[in-house]
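Naming: A, B, ... by sequence-line order, numbering from 1 per chain.
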Amino acid sequence: MSVAPKREDYDVVVIGAGPAGLAAAATSAEAGLSTLLLDENAGPGGQVFRAISSTPVTDRSQLGADYWVGAELVQSLRASTAEVIHRATVWSLDRNLDIAVSIGGASAFVKAKRVILATGALERPFAIPGWTLPGVMTAGAAQTMLKSSGLVPDGRTAIAGQGPLLWLLAAQILRLGGRIDRILDTTERGNYLAALPHAFAFLTSPYFTKGLSMMREVKAKVEVVSGVTELAAAGEGQLAGVSYVAGGKRETIAVDLLLLHQGVVPNVNLAMSAGIEHRWDDLQLCWSPVLDANGSSSVAGIAIAGDGAGIGGANAAVVRGRIAARAAVEALAPAAAAKLPALATLRRDLAKAERGRVFLDTLFRPAPQFRIPSGDTIVCRCEEVTANDVLESVAIGATGPNQLKAYRRTGMGPCQGRLCGLTVTELMAQARGKTPQEIGYYRLRAPVKPITLAELAAVPKTEEDVKAVVRG
Amino acid sequence: MFRRSEQDKRPPVQIFVDGVVVAAREGDTVSAALLASGQDARRSTAVSGAPRLPYCMMGVCFDCLVTIDGVGNRQGCLVPVAEGMQIEIQKGKREIGR
Amino acid sequence: MTTNVDAIVIGGGIHGCSTTLHLCLAGLKPVLIEKDYAGRHASGVNAGGVRQLARHIPEIPLSIRSMGIWEKINDLLDDDCSFESHGQVLVAENEEELAVCRARVAELNALGFTHEELIDASELRRLVPAVAETCPGGVVSRRDGAANPAQTTTAFRRKAEQLGATVREGVAAGNIRYSDGLWHVDVGSDSYAAPVLVNAAGAWAGKIAAALGEPVPVETVAPMLMITSRVPHFIDPVVILRGRKLSFKQFKNGTVLIGGGHLATSYQDRNETVLDWKSLAISARTVFELFPVMRGATIVRAWAGIEAKMKDDIPVFGPSSRHKGLYHQFGFSLHGFQLGPGAGAVMAELIVNGGTQTRISDLGIERFHRSAAR
Ligand SMILES: Cc1cc2nc3c(=O)[nH]c(=O)nc-3n(C[C@H](O)[C@@H](O)[C@H](O)COP(=O)(O)OP(=O)(O)OC[C@H]3O[C@@H](n4cnc5c(N)ncnc54)[C@H](O)[C@@H]3O)c2cc1C
Ligand SMILES: Cc1cc2nc3c(=O)[nH]c(=O)nc-3n(C[C@H](O)[C@H](O)[C@H](O)COP(=O)(O)OP(=O)(O)OC[C@H]3O[C@@H](n4cnc5c(N)ncnc54)[C@H](O)[C@@H]3O)c2cc1C
Ligand code: FES
């Protein structure tokens with residue numbers, strides 16, 4: 001079933017088939033460039049349009065109109081000449097634009113003239129006591145199961161956190177007949193005030209009416225507790241309950257499932273491992289790549305589009321994908337660029353898609369206690385390192401995430417810091433009285449996803465091996 | 001924890017979890033099928049033996065690691081089920097060389 | 001502002017840190033200058049192999065001296081550096097390789113060195129049960145082992161600081177000059193002056209030596225390593241191959257480190273290396289063939305470290321042949337981690353006493369300047 005790339009060289013290789021990658025690959029292929037789109041998932045769509053070609057949720061109103069627009073993007077990609085490979089995990093990309101990709105247990109190497117990284121976002125770590133217990137998941141995880149397998153929570157369920165996605169998920173679960181017992185809203189009260197100056201842009205953005213009606217839809221059916229300032233999951237080997245503090249009052253409820261969410265952050269692993277410069281974003285509280293207006297990064301030939309370029313949402317992802325692809329076309333086949341939408345038009349589209357973002361970022365800026373855990377709360381899920389462990393290492397000389405490796409194995413497990421990196425940076429910054437930018441991030445390295453030794457061993461590499469393969 | 005929506009008309013797929021038959025649907029990932037099955041699918045970690053279930057379902061947390069058809073440490077949330085697939089729940093450090 | 005100290009050490013690798021520490025133990029007040037942070041380069045990212053096995057003969061005395069320190073590392077540093085001693089084994093994959101091993105051990109014995117021991121197939125299998133059945137034997141150095149490199153280098157730095165060394169991290173030493181009997185070095189807007197300067201700048205040391213009129217045949221290389229996820233314990237000693245580029249080690253936590261000297265491309269000025277996966281694949285293939293139990297293990301990370309490699313693979317160690325008060329300690333050519341503790345001790349003796357009991361006479365920088373200078 002799995003197919004290796006047809007060629008060894010492409011004009012453009014796009015990594016990630018979410019809105020940004022779909023748009024980028026279609027644009028690049030339409031302009032006549034040899035284009036390869038690689039994505040780890042079984043089908044196209046990325047996070048927002050997950051399982052768009054295969055979802056069992058056929059009642060269109062349940063996932064909403066914003067979901068189904070993904071089908072058009074997929075269609076225009078399929079109509080193009082882009083070569084698309086799914087279940088293709090890119091595990092290495094370097095500054096020579098050499099790409100290593102694992103497809104069906106075998107690795108292939110391809111080279112590109114231009115790479116467009118559209119690897120999207122992941123949910124911000126939400127390190128509260130007990131977050132590693134079975135029964136605690138991310139809201140995105142529940143949404144993934146809902147979209148791709150039509151699964152909904154049916155035990156006692158609480159959702160905790162904040163942000164537009166949380167409300168979208170709640171609405172989708174309810175529409176499919178799933179169960180939610182309580183929503184614990186952690187939005188800081190002060191954020192409403194801070195966001196006010198940006199409200200006008202938001203009021204005139206498409207998010208506003210949709211967001212409001214969704215919150216109404218959910219609040220009509222579920223008890224919502226707002227102003228939650230503390231959260232902890234508890235249980236013996238399995239989640240049994242969640243306790244929280246709101247308005248100074250502590251309460252504990254018995255639940256089987258706790259879904260956590262406090263926004264999304266760029267998925268930086270592949271970009272950083274390629275040596276692309278990133279900076280700390282003080283508003284979105286995450287690392288974002290340093291990019292020019294076309295999405296070009298500090299590494300020549302690599303552009304980043306979509307939420308991996310800084311969180312901008314699905315509509316912005318599409319436009320960013322087109323802009324990055326257009327820049328690649330301009331560089332490689334200038335004549336063909338004339339047939340594409342004008343840059344000015346694309347920039348206008350982008351401004352429109354990004355309107356209201358600052359409001360959302362300010363309103364849903366997660367509170368410090370949910371970003372910077374304390375005590376024996378686990379920070380690094382893979383190596384089971386606690387906040388105290390990190391602080392003790394700081395006390396005896398660890399100055400940043402890389403130096404921490406001399407003391408603890410934080411970030412050295414298979415997730416390679418995806419679930420602990422931001423926490424470690426902020427925790428160390430706070431402990432040392434420095435900014436996250438000064439503290440820095442893990443030095444990330446390929447393989448960005450583990451590969452088996454057997455798979456690597458099977459890569460033909462010497463003259464002799466190549467001959468052996470030919471003879472065999 | 002989870003149940004299937006009635007409108008789900010996808011064809012059934014049979015997989016085996018530690019030898020026990022589990023009914024999945026075409027297009028399920030291994031992790032989704034495990035969570036939908038209602039069976040105890042908790043793995044235990046290699047570091048402390050603590051029990052875990054899938055956390056992110058999108059390939060970033062590695063809490064869904066399972067042995068699939070004899071190959072260990074695979075991310076169950078990224079691998080679609082296939083008829084007759086043999087799943088083993090991992091306990092501690094995975095045995096190698098099988 | 002210029003601060004006067006007893007010695008200036010450039011480079012916070014294990015060598016610079018160890019020398020700084022030993023100078024403190026001798027009662028001096030040194031400053032250690034590191035452009036990034038201690039252990040950022042080779043010393044913090046190497047394979048951690050603590051090996052006397054298979055060394056070039058000129059550096060064996062230094063290696064033996066070092067071994068003695070490793071065995072009591074906790075007494076010196078108040079940190080065990082995760083040092084474990086399960087021996088290192090060199091595996092011969094066929095009879096020809098075993099013959100080379102036999103000759104090597106005989107040569108060492110003739111010189112009075114007894115740390116390497118020839119072993120047959122059954123002893124090899126006892127030490128390394130997982131090795132392929134076809135290997136006829138090899139060599140073992142039983143006191144050898146491995147340590148955690150970042151932990152070790154950091155521990156040396158920390159102890160030196162506790163004993164009174166000034167440690168400056170994050171700024172390069174520049175504008176190195178000698179005037180009025182003192183070495184002067186700038187660190188940002190500060191200057192240090194001392195009668196003694198130690199060049200322990202790793203891959204950058206060759207440039208410093210050249211600028212001071214002592215060019216040496218050195219190149220920068222970036223050997224690569226990869227590590228697997230945790231797997232059940234199956235091997236104790238560190239294993240290296242006689243014929244192919246491979247070294248292999250399982251840590252207490254179950255992860256397995258695979259190395260062997262395949263090189264990445266290094267961009268030294270940017271502190272960056274670009275991995276060469278096609279040659280890492282060769283290492284993987286070798287492990288695949290030799291240790292069938294490893295085939296299903298997953299590789300979680302690979303990296304490379306920037307290292308100075310001498311043309312003759314032997315370090316430059318000892319006083320300058322041109323300048324008073326200048327000492328070189330670099331060019332460890334992919335095997336300098338084990339030498340760190342001993343080299344620091346010997347360097348401190350050279351600086352403080354003007355000599356040492358440890359035989360280092362073949363390591364001096366003058367070996368490259370004999371015909372020209374004299
Ligand atoms: C779990 C989750 C659910 C979300 N749900 C919604 C939603 O319902 N509505 C909404 O408006 N926004 C949602 N978002 C926000 C999301 O970031 C969108 O704004 C949008 O999906 C971003 O599009 P993108 O093209 O940048 O990346 P994504 O849609 O995230 O797509 C990135 C793609 O890259 C692939 N990829 C990543 N790394 C590799 C690799 N190394 N090799 C190969 N492929 C790789 C991924 O598998 C993925 O398919 C969600 C985010 C998350 C994390
Ligand atoms: C991947 C790899 C595996 C290895 N495996 C082993 C092994 O198993 N066993 C073994 O014995 N050896 C091994 N080695 C070799 C060993 O790591 C090195 O020989 C040893 O660490 C060298 O130490 P050093 O202090 O000379 O250099 P480094 O650790 O490179 O330190 C030199 C330091 O000087 C700093 N510096 C440079 N210029 C300046 C300046 N102008 N101002 C201030 N600071 C400066 C640099 O930033 C650097 O930190 C390995 C090396 C690598 C790369
Ligand atoms: S559940 Fe997180 S990686 Fe699979």
Looking at [options], which one has more heavy-atom pairs under 4.5 Å with chain A than the rest?
| options | answer |
| --- | --- |
| B/Ala36, B/Ser48, B/Ala33, B/Gly27 | B/Ser48 |
| B/Cys56, B/Ala41, B/Pro54, B/Gly59 | B/Cys56 |
| B/Arg52, B/Arg74, B/Arg4 | B/Arg52 |
| B/Val60, B/Thr29, B/Leu53 | B/Val60 |
| B/Ser31, B/Cys61, B/Ala50 | B/Cys61 |

**Prompt:** B/Gln75 versus chain A, heavy atoms under 4.5 Å apart: side chain, backbone, both or neither?
**Reply:** side chain
**Request:** Counting only heavy atoms closer than 4.5 Å, note whether B/Arg10 contacts chain A via side chain, backbone, both or neither.
**Result:** side chain
Leading residue by heavy atom contact count with chain B [cutoff under 4.5 Å; candidates [options]]:
| options | answer |
| --- | --- |
| A/Leu257, A/Thr144, A/Leu419, A/Leu151 | A/Leu151 |
| A/Gly150, A/Pro450, A/Gly155 | A/Gly150 |
| A/Ala51, A/Gly237, A/Gly413 | A/Gly237 |
| A/Lys449, A/Gln62, A/Glu123, A/Glu383 | A/Lys449 |
| A/Gln238, A/Arg409, A/Arg156 | A/Gln238 |

Quick one: does [X]'s side chain get under 4.5 Å of [Y]'s, heavy atoms only?
| X | Y | value |
| --- | --- | --- |
| B/Gln39 | B/Val22 | yes |
| A/Pro153 | B/Phe2 | yes |
| A/Tyr67 | A/Val48 | no |
| B/Tyr55 | A/Thr132 | no |
| B/Leu78 | A/Glu40 | yes |

Which answer fits [X], side chain, backbone, both or neither, if we ask what part of it has an atom under 4.5 Å from a heavy atom of chain B?
| X | value |
| --- | --- |
| A/Gln416 | neither |
| A/Ser148 | backbone |
| A/Asn269 | neither |
| A/Leu176 | both |
| A/Gln47 | side chain |
| A/Leu260 | side chain |
| A/Arg50 | side chain |
| A/Arg381 | both |

Name the residue from [options] that meets the side chain to side chain contact (heavy atoms under 4.5 Å, CB included) definition with [X].
| X | options | result |
| --- | --- | --- |
| A/Ile180 | A/Val152, A/Leu174, A/Leu259 | A/Leu174 |
| A/Val255 | A/Thr157, A/Val242, A/Val136 | A/Val242 |
| A/Ile103 | A/Ile85, A/Val90, A/Thr89 | A/Ile85 |
| B/Met58 | A/Asn267, A/Thr138, A/Leu122 | A/Leu122 |
| B/Val66 | B/Val17, B/Val79, B/Val30 | B/Val30 |

**Rounded distance [0.5 Å steps], OG in A/Ser102 versus CD1 in A/Ile451** = 7.0 Å
**Request:** Compute the centroid of each ring, for A/Trp68 and then for A/Phe49, and state whether the two points are separated by less than 6.0 Å.
**Result:** no
